[in-house]
Amino acid sequence: MPTYHLNVNGSQKIVETEADTPLLYVLRDYLELNGPKFGCGLAQCGSCNILINGKAATSCMLPVSSIGEAEITTLEGLVDLNGKLNSVQQAFISEQAAQCGYCLNGMVIMAVDLLNKTPNPSDVEIRNALQGNLCRCGTHSRIIRAIKTAAKNP
């Protein structure tokens, strides 16, 4: 079985698995990171979002063999070494933007990606960035407010 050296949340991890194993399974099952979730398994719901070299990507259909030396950041990796939450994570808490929490990982990851590219996004830019994240709880207005709050407090 092949061995993969992965850069996950700033640490080197070694994983032995098949080449076509989805990165999501490696993160959850081998590395015990629970931020990314299994949702649809088709890269359409956003629950499995992660950052690869700072850009959002779905991990459920991405084979571990395609990662190479890329820097992978999960929801857990957004927290700094002192335990301080990322500004987006803090804003989601402050604005009470979570309900069931299943879409939360994808929403936070997409918000971080958006704010990396667009530090002061409009409501339309936020909605467009979040289109790939399915949420049925109805906290969309709070999520938008949280992203605007995070933009003000980087």
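Small disclaimer: the values here were computed from a predicted structure and weren't measured.
- Applying the salt bridge (charged side-chain N to carboxylate O under 4.0 Å, His left out) test to pairs two or more places apart or on separate chains, those with a residue in residues 83-95 are Glu95-Arg145.
- With sequence neighbours excluded, the residues that form a side chain to side chain donor-acceptor pair (under 3.5 Å) with Ser122 are Glu125.
- Taking the side chain as every heavy atom from C-beta outward, Phe38 and Ser47 never approach each other to under 4.5 Å.
- Considering all non-hydrogen atoms of both residues, Tyr102 and Gly39 come closest at CE2-CA, 4.1 Å.
- Contact record, Ala151 with Pro121: CB-CD, 4.1 Å, taken as the closest heavy-atom pair.
- Note that CD1 of Ile14 is 9.5 Å distant from CG of Leu6, once rounded to the nearest 0.5 Å.
- Enclosure of atom CD in Glu16 by more than 12 non-hydrogen atoms of other residues, nucleotides or ligands within 6.0 angstrom is indicated.
- Using a distance-only test at 3.5 Å, with no hydrogens or angles considered, a donor-acceptor pair links the side chain of Asn49 to the main chain of Gly46.
- Residues satisfying the side chain to side chain contact (heavy atoms under 4.5 Å, CB included) test with Tyr30, not counting sequence neighbours, are Val15, Thr17, Val26.
- Taking Leu85 as the reference, Val79, Gln89, Gln90, Ile93 meet the side chain to side chain contact (heavy atoms under 4.5 Å, CB included) condition, with sequence neighbours excluded.
- In this view, Gln99 satisfies the side chain to side chain donor-acceptor pair (under 3.5 Å) rule with no residue, not counting sequence neighbours.
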Determine all donor-acceptor pairs shorter than 3.5 Å in which one atom belongs to a side chain in residues 57-72; sequence neighbours excluded.
residue	atom	partner	partner atom	Å
Ser59	OG	Cys48	O	2.7
Ser65	OG	Ala19	O	2.9
Ser66	OG	Pro63	O	2.7

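- With hydrophobic clusters built from ILVMFWY side chains whose heavy atoms lie under 4.5 angstrom apart, Leu33 shares a cluster with Ile52.
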Sequence neighbours left out, cut at 3.5 Å: what donor-acceptor pairs do the side chains of residues 107-118 make with other protein atoms?
residue	atom	partner	partner atom	Å
Asp113	OD1	Ala56	N	3.4
Asp113	OD2	Lys117	NZ	3.1
Asn116	ND2	Val112	O	3.4

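- Side chain of Glu76 to backbone of Asn34: a donor-acceptor contact under 3.5 angstrom is found.
- The two residues Asn82 and Asp80 come nearest to each other via the heavy atoms N-OD1, 2.9 Å.
- The side chain to side chain contact (heavy atoms under 4.5 Å, CB included) test applied to Leu81 returns no partner, not counting sequence neighbours.
- Judged by distance alone, the side chain of Arg28 and the main-chain N or O of Pro36 form a donor-acceptor pair under 3.5 Å.
- Residues Ile50 and Val88 are members of separate hydrophobic clusters, defined by side-chain heavy-atom contacts under 4.5 angstrom among Ile, Leu, Val, Met, Phe, Trp and Tyr.
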Residues 127-141, side-chain donor-acceptor partners within the protein, below 3.5 Å, at least two apart:
residue	atom	partner	partner atom	Å
Asn128	ND2	Val124	O	3.4
Asn133	ND2	Gly106	O	3.1
Thr139	OG1	Ala97	O	3.3

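- Closest of all the heavy-atom pairs between Ala43 and Cys40 is N-SG, 3.6 Å.
- Atoms CG and CG, from Leu78 and Leu51 in turn, are 6.0 Å apart once rounded to the nearest 0.5 Å.
- Take Asp123 and apply the side chain to side chain donor-acceptor pair (under 3.5 Å) test, not counting sequence neighbours, and it matches Lys148.
- Atoms OH and OG1, on Tyr4 and Thr21 in that order, are 7.5 Å from each other to the nearest 0.5 Å.
- Under the rule for a side chain to side chain contact (heavy atoms under 4.5 Å, CB included), the partners of Lys13 that lie at least two apart in sequence or sit in another chain are Val8, Ser11, Leu31.
- Take Asn9 and apply the side chain to side chain donor-acceptor pair (under 3.5 Å) test, not counting sequence neighbours, and it matches Thr74.
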